[in-house]
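This report concerns only the one structure given below.
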Amino acid sequence: MSDSWKRRTRAVHGGTKRSQFGEMSEAIYLTQGFSYDSAEQAEARFLEAGHDEFIYARYGNPTVAMFEERIATLEGTEDAFATASGMAAVTASLMSMLKAGDHVVSAKALFGSCLYVLEEVLGRYGVEVTFVDGTDLDQWRAAMRDDTRAVFFESVANPTLELVDIRGVAEIAHEKGALVIVDNVFSTPVFSKAVELGADVIVYSATKHIDGQGRTLGGVILGTREYIRKTAEPFLKHTGAAMSPFTAWVMLKGLETMELRVRAQAEGALKLAQALEGHPQLERVIFPGLAAHPQHDLMLSQMEQGGTVLSFDVKGGQEAAFKVLNALKIVKISNNLGDAKSIVTHPATTTHQRLPDEQKAELGITRGLLRLSVGLEDPDDLIADLKDALDAL
Ligand SMILES: *Cc1c(COP(=O)(O)O)cnc(C)c1O
């Protein structure tokens, strides 16, 4: 692969390893292990495995390595480690570098499972976490301590679509020598500028836009070679959240079409947000791509487009929101996002059900809030589906 290749070329050819047969489509190396030519070779490989030398699929596998190399070249990081799910990536990105007595600062608006890891798991192992309003740089500054080892946030928070200023938080964190770990799912690898804005470690749930067709569960951690190989890999290869070679193959194929899909979905999301804005049955429409979004300028500077997900608050709370869900014909009620099929979810009773009411209120997760992941259908059909459901109220 040449360094001068542009993104779309790298998305199709990056990281490709061909066997002696010259197969066009990437091979699925569905093998747990690898044989050695001699006992001495086995010994040498356990001491230090070189590039393209494999030991055991929990440590690495050729199909998984192709996926890691391809996504790393798209994100612009030195290296990557693929995991069994997005949550395995989030958990390992933190647990692999922290120990009891360390301090972490985190945004409080997070995906429900991320919140569980930060609120419950880390504390149990003696890591103290301070939660801040991710949109307020003063709160980030005030929460930093000399023993702060990492900051964690979603660049666009699920489901309230608040943006965190990556450059601003990175400057504050780096002054204290803390690592900046960004869950970048809603920004998508297509619109991400996380590396140039100062993120040290970038985490994706590959289940979302990278697969993009709702088939497999996966995740990936991206960062410097030092962090990936010396910090994340030892933790992951011994604790076991490896990505399966079959999943890696699905993800490789997903990367080939990701840019085309995500750009079309983002265009659809903007059209839909514009069509729903000001609808009499809605309190508000939240989409960073709308000029009315309070962080629209920040969005333009750090992700180029508003993404593929929008949220809206239905007047009349949960009862009205449920009526809208049940009246939809094209948009499916489910809780994935980034899929080719449009998906709507009611966060208060599903993804964020676990949270006490006052915490939901603090995060803006009202009873009428719906989160809509825009797929690849014709945007005009989606607008009609939503409008019919709202008009029926
Ligand atoms: C979905 C999601 C995850 C978890 O990913 P899985 O692949 O479901 O484990 C983590 N963070 C964010 C922001 C997500 O949307």
Side-chain angles (χ1 to χ4, degrees), residues 1-3 5 7 10-11 14-15 48-54 59-61 64-83 86 88-99 102-106 127 144 147-155 164-185 187-206 210 218-239 241-243 248 251 255 302:
M1 200 192 79
S2 159
D3 285 343
W5 286 0
R7 286 183 60 90
R10 282 181 274 138
E48 189 173 359
H51 192 68
D52 286 348
E53 289 184 352
F54 299 94
Y59 295 21
N61 166 286
V64 178
M66 283 193 254
F67 168 64
E68 290 168 340
E69 286 175 35
R70 190 170 291 177
I71 183 74
T73 168
L74 290 176
E75 191 69 32
T77 57
E78 286 173 5
D79 216 334
F81 201 98
T83 57
V90 168
T91 306
S93 72
L94 290 158
M95 298 278 276
S96 66
M97 63 151 305
L98 294 169
K99 60 177 186 328
D102 286 343
H103 178 242
V104 172
V105 182
S106 170
V127 175
M144 296 300 297
D147 60 348
T148 306
R149 293 282 322 282
V151 301
F152 180 85
F153 58 89
E154 292 171 9
S155 50
V164 173
D165 178 348
I166 301 176
R167 193 193 296 280
V169 174
E171 277 169 12
I172 293 165
H174 289 156
E175 244 169 64
K176 293 281 185 192
L179 207 68
V180 177
I181 306 177
V182 181
D183 180 335
N184 215 25
V185 166
S187 296
T188 81
V190 174
F191 300 132
S192 171
K193 293 184 192 149
V195 172
E196 65 177 85
L197 294 171
D200 300 303
V201 177
I202 298 147
V203 177
Y204 286 105
S205 163
I210 295 174
V220 65
I221 306 176
L222 298 124
T224 60
R225 182 143 301 131
E226 171 82 13
Y227 172 85
I228 294 297
R229 295 302 150 197
K230 300 275 163 57
T231 301
E233 181 190 297
F235 180 88
L236 277 158
K237 77 182 189 187
H238 296 302
T239 56
M243 177 180 276
M251 299 303 181
L255 286 180
Q302 69 182 33

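A donor-acceptor pair under 3.5 Å links the side-chain atoms of Thr83 to the main chain of Gly219, judged by distance alone. Formation of a donor-acceptor pair under 3.5 Å by the Glu171 side chain with backbone atoms of Gly198 is not found in this model. In this structure a side-chain-to-backbone donor-acceptor pair under 3.5 Å is missing from Gln302 to Lys193. Glu154 places no side-chain N or O within donor-acceptor distance of the main-chain N or O of Asp183, the cut-off being under 3.5 Å. With hydrogens and angles disregarded, a donor-acceptor distance shorter than 3.5 Å links the side chain of Arg70 to the backbone of Gly14. Using modelled atom types, no side-chain atom of Thr73 and backbone atom of Glu69 make a donor-acceptor pair closer than 3.5 Å. Within the 3.5 Å criterion, the main-chain N or O of Thr224 finds no donor-acceptor partner in the side chain of Glu78. The main-chain N or O of Asp79 is never found under 3.5 Å from a side-chain atom of Arg225 such that the two would form a donor-acceptor pair.
Between Ser155 and Ser187, the side chains place a donor N or O and an acceptor N or O closer than 3.5 Å (distance only, hydrogens not considered). In this structure, a donor-acceptor pair under 3.5 Å is absent between the side chains of Glu233 and Tyr59.
Nearest approach of Pro234 to Lys230, heavy atoms of both residues: CG-O, 3.4 Å. In this structure, Ala11 and Leu255 approach most closely via the heavy-atom pair CB-O, 3.6 Å. Residues Arg10 and Trp5 approach most closely at NE-O, 2.8 Å, considering heavy atoms. Across every non-hydrogen atom of Ala89 and Ile221, the tightest pair is O-CD1, 3.5 Å. Contact detail for Pro189 and Arg7: the closest heavy-atom pair is O-NH2, 3.1 Å. The two residues Met97 and Ala150 have their closest heavy-atom pair at SD-CB, 3.9 Å.
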Intermediate values then yes/no, side-chain contact (heavy atoms from CB on, under 4.5 Å), Val105 and Met144 = CA-CA 7 Å; Val105 182; Met144 296 300 297; 4.0 Å; yes
Going through the checks in order, is the side-chain contact (heavy atoms from CB on, under 4.5 Å) test met by Val169 and Val151?
CA-CA 8 Å; Val169 174; Val151 301; 4.0 Å; yes
Q: Report the C-alpha distance between Val203 and Val182 in whole Å, list the side-chain angles of each, state the deciding distance to 0.1 Å, and finish with yes or no for side-chain contact (heavy atoms from CB on, under 4.5 Å).
A: CA-CA 6 Å; Val203 177; Val182 181; over 6 Å; no
* To do: Under the side-chain contact (heavy atoms from CB on, under 4.5 Å) rule, what do Asp200 and Tyr227 come out as? Steps first, then yes or no, please.
  => CA-CA 9 Å; Asp200 300 303; Tyr227 172 85; over 6 Å; no
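Using a 4.5 Å heavy-atom threshold, the side chains of Glu75 and Ile202 count as touching. A heavy-atom distance below 4.5 Å is not found between the side chains of Val201 and Val180. Side-chain contact between Phe81 and Val220 is absent, with no heavy atoms from C-beta onward closer than 4.5 Å. Counting heavy atoms from C-beta outward, Glu48 and Glu53 have side chains that stay 4.5 Å or more apart.
We find the CG-CE distance between Leu236 and Met243 to be 11.5 Å, quoted to the nearest 0.5 Å. Here the straight-line distance linking atom CG of Leu179 with atom OG1 of Thr148 works out to 12.5 Å at 0.5 Å rounding. Rounding to the nearest 0.5 Å places OG of Ser106 at 8.5 Å from CG of Leu94. Between atom CG of residue Leu197 and atom CD1 of residue Ile166 there is a gap of 5.0 Å, rounded to the nearest 0.5 Å.
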